[in-house]
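No hydrogens, no waters, no symmetry mates; every other heavy atom, side chains included, goes into these values. None of these values were measured; they are calculated from a predicted model.
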Amino acid sequence: MECALDAQSLISISLRKIHSSRTQRGGIKLHKNLLVSYVLRNARQLYLSERYAELYRRQQQQQQQQQQQQQQQQPPHHQHQHLAYAAPGIPASAADFGPLQLGGCGDAEAREPAPRHQLHQLHQLHQLHLQQQLHQHQHPAPRGCAAAAAGAPAGGAGALSELPGCAALQPPHGAPHRGQPLEPLQPGPAPLPPPAPAALCPRDPRASAACSAPSVPPGAAPQAAAAASPSTSPAPASSPGFYRGAYPAPSDFGVHCSSQTTVLDLDTHVVTTVENGYLHQDCCASAHCPCCGQGAPGPGLASAAGCKRKYYPGQEEEDDDDEDAGDLEAEPPGVAPFAPCKRARFEDFCPDSSPDASNISNLISIFGSGFSGLVSRQPDSSEQPPPLNGQLCAKQALASLGAWTRAIVAF
Amino acid sequence: VGGRGGTDIISTVEFNHTGELLATGDKGGRVVIFQREPESKNTPHSQGEYDVYSTFQSHEPEFDYLKSLEIEEKINKIKWLPQQNAAHSLLSTNDKTIKLWKITERDKRPEGYNLKDEEGKLKDLSTVTSLQVPVLKPMDLMVEVSPRRVFANGHTYHINSISVNSDCETYMSADDLRINLWHLAITDRSFNIVDIKPANMEDLTEVITASEFHPHHCNLFVYSSSKGSLRLCDMRAAALCDKHSKLFEEPEDPSNRSFFSEIISSVSDVKFSHSGRYMLTRDYLTVKVWDLNMEARPIETYQVHDYLRSKLCSLYENDCIFDKFECAWNGSDSVIMTGAYNNFFRMFDRNTKRDVTLEASRESSKPRAVLKPRRVCAGGKRRRDDISVDSLDFTKKILHTAWHPAENIIAIAATNNLYIFQDKVSSEMH
């Protein structure tokens, strides 16, 4: 199905709908908000998959470059490792995914522990970085780039900031950090094997070579190789399996975590997927999760869900009399809820932000040619090609939305 | 007909069991009842047209002070009770409160009182010289409506449907998460028969979207969910019908997967056939006929406006994707009908597999005008009167339709206008 909006626009539209539903007459409509949260989750999954795909593409490029540069320095098995990473047909662009090309890939992919595990670690690194940034202290977890970068905090932080987290998952830059679960990121990473994904570490050319392959413990190599071999299946299959591990597709509902809800914290605009009351990264790291097949249960994992303050559509109901009315106006609708600088970094690295351009031009054509009774497209500066800066992208989406919704209201 | 802020937008349409009366509810909490004029030899052409019979204010806006929530007065559903005496009764509901209204006629009044004069003033006793017996004299018909029961405080969430049981003593009301069973004579308590609220609201994955009692079996009812499934429940099996007797669900087609798959699979209406053998469901793009004996998939699927499948993004943005269309059977269960956009509505003949698109508009509703079939062109060859998908008016949506229980008379609600179409050529059933 062709969709004229990219995932990020859908996310911002959905958040706007949820926000405005709070002021609608008659109270919050539970059904509508539930459906909007499904769209949010779907868009977020695609957004993340695009990001991770891009990450891998860049890794391949950088690894290939490094390979050429360091051919004489590398022991053969490390080269093999690089090649192994280069081998899988990770799609070069997000377009290969389509909106949720999730079906048919098979749960076998999702159950492959190794690539998903690396993604899991990737995500852990991301969470780790968030905490580093917000709590301003060195996190002792020795993981891959985090460890390597620990010796060079500025560079490391810079490197880690390349990590493409879902913008919607990031609290607004500098906002007080609320209730991000710390338990799965504690040191003593029994659930996590030694950091194979040094290779996963995004290569910021400006960062030191601390993250280069020689620092990878040998124990990681077989794992990396093991990771590579299952991934040699065709690209669309491997990639969805790759990201599906951390963020199961809707078709995975019945697989393990039988219920999944995307919840929005209107204070921090943190969008999180909650499974059976747990955050999924907790679930994967715990023994209960059959799809991950990973080791020890973390002690405090189950309580992670309790740490977060969450918004859910039925929050106003009888069980929750203490809902704070202050939640309702957490942020004015026009403010882009994403962390601008992080996305800007990513966009700088992404030469073909043309998906955005083509999506927006599709959008323009749709609204220019049709729905004449509904929308009056106002010729304004949003006809320009979108800037590379993600923040402006989101803001433009929201700003141009205002024109359309005004037209709709006037009708 | 004007209105302030769209308070006259029709929100529900329902024929009574004989088809003599047609009730509409609107966004302003009003109910308007139409009555079919008896056919008379004097005017053979205007056989059985509907005229306004009564208008009353059913619900008023309310404010829940505890939750700081305004409760809309919009009438979500009207259901007629089977007629048991000279009076008519109906149930009308908004988001929170159901009311039972009794509609009575008065066409005679007593005259000739001894102590009062014609205007009702007390007479001077000295002028009374003889006694007379008051007599009933005919008067202009007066329709009186009075609220007989108010069923309040039964629902935390928004009521989406009510359904009267075939036992004529009980009825059920359904909100997003719960279904309650009421006795028509008892207002201070109800039985909860379905509760799908999860212990942790974050685990919520689906809500109840519609429900209906079986037309003949007073122990059976069905409810539909936002995930596109139907659950048939038997009240004899258990007091709490959380466990369904039958689950009707069609597996999703993975090739159609999109951002909006969950939205377009949500069932917006479910109706038992008159025979009780089938169920009709409506989701955003299709209507489906289900056989009660087959749970795996519907026996028939009809595309209402599949050309919208590539427009879902825009329809999501302008909220049209959340529109809840209703569906209807004809009296013999051979034709099904549902509404669409641009004031179009669609009919599907289950036997001939033919379908037609018609438009409810002022031009097409001149008396004795014949409705012209319309066609939406989604690209490809375009005929002269075709409407292109991009020029459809999505503010003109037909959400509510009703079919006379016996004859080929249909009522179509188009925003704030009610259209009643009669098929005079062939009024026998197929």
So what's closer than 4.5 Å to chain A heavy atoms on [X]: side chain, backbone, both or neither?
X	value
S388(B)	neither
D64(B)	neither
I208(B)	neither
S226(B)	both

### Query
Passes side-chain contact (heavy atoms from CB on, under 4.5 Å), L30(A) versus M201(B)? Steps please.
CA-CA 11 Å; L30(A) 185 62; M201(B) 275 298 275; 4.2 Å; yes

### Message
Do K17(A) and Y316(B) form a cation-pi contact, if we require the NZ or CZ to be under 6.0 Å from the six-membered ring centre and within 45 degrees of the ring's axis?
### Response
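Yes, a cation-pi geometry.
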
When rounded to the nearest 0.5 angstrom, what distance separates [atom1] in [X] from [atom2] in [Y]?
X	Y	atom1	atom2	answer
L35(A)	S265(B)	CG	OG	8.0 Å
R25(A)	I71(B)	CZ	CD1	10.5 Å
S37(A)	E262(B)	OG	CD	9.0 Å

### Message
Tell me whether R375(B) at atom CZ has more than 12 heavy atoms from other residues, nucleotides or ligands lying less than 6.0 Å away.
### Response
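Yes, enclosed.
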
### Task
Step through the shown structure and confirm whether more than 12 heavy atoms of other residues, nucleotides or ligands are within 6.0 Å of CZ on F63(B).
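More than 12 within 6.0 Å, yes.
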
### Task
Using a strict 4.0 Å threshold on nitrogen-to-oxygen distance, state whether R16(A) and E317(B) make a salt bridge.
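Salt bridge absent between R16(A) and E317(B).
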
### Task
For side-chain contact (heavy atoms from CB on, under 4.5 Å), just list the numbers for H31(A) and F322(B), CA-CA rounded to whole Å, side-chain angles, deciding distance to a tenth of an Å, and then say yes or no.
CA-CA 9 Å; H31(A) 184 198; F322(B) 301 104; over 6 Å; no

### Message
Strictly distance-based, threshold 3.5 Å: is any side-chain N or O of Y38(A) a donor or acceptor partner for the main-chain N or O of S261(B)?
### Response
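Not confirmed, Y38(A) side chain does not pair with S261(B) backbone.
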
### Query
What are the two closest non-hydrogen atoms of N42(A) and F259(B), and how far apart are they?
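Distance-wise, the nearest heavy atoms are ND2-O, 2.7 Å.
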
### Query
Can you tell which of K74(B), E72(B), K396(B), E70(B) has the highest number of heavy-atom pairs within less than 4.5 Å of chain A?
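Max contact count across the listed options: E70(B).
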
### Task
Could you pull out all residues at least two apart from Y307(B) that satisfy ring-ring contact (aromatic ring centres under 6.0 Å, His included)?
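Not a single residue meets the ring-ring contact (aromatic ring centres under 6.0 Å, His included) criterion with Y307(B).
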
### Query
Taking it one step at a time, do L34(A) and D176(B) satisfy side-chain contact (heavy atoms from CB on, under 4.5 Å)?
CA-CA 11 Å; L34(A) 182 68; D176(B) 291 319; over 6 Å; no

### Test item: K29(A) and D95(B) side chains (from C-beta on) under 4.5 Å apart, heavy atoms
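A side-chain contact under 4.5 Å is absent here.
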
### Non-neighbouring partners of S225(B) that pass side-chain hydrogen bond (donor to acceptor under 3.5 Å, both in side chains), sequence neighbours left out
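Result, side-chain hydrogen bond (donor to acceptor under 3.5 Å, both in side chains) vs S225(B): E206(B), S229(B).
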
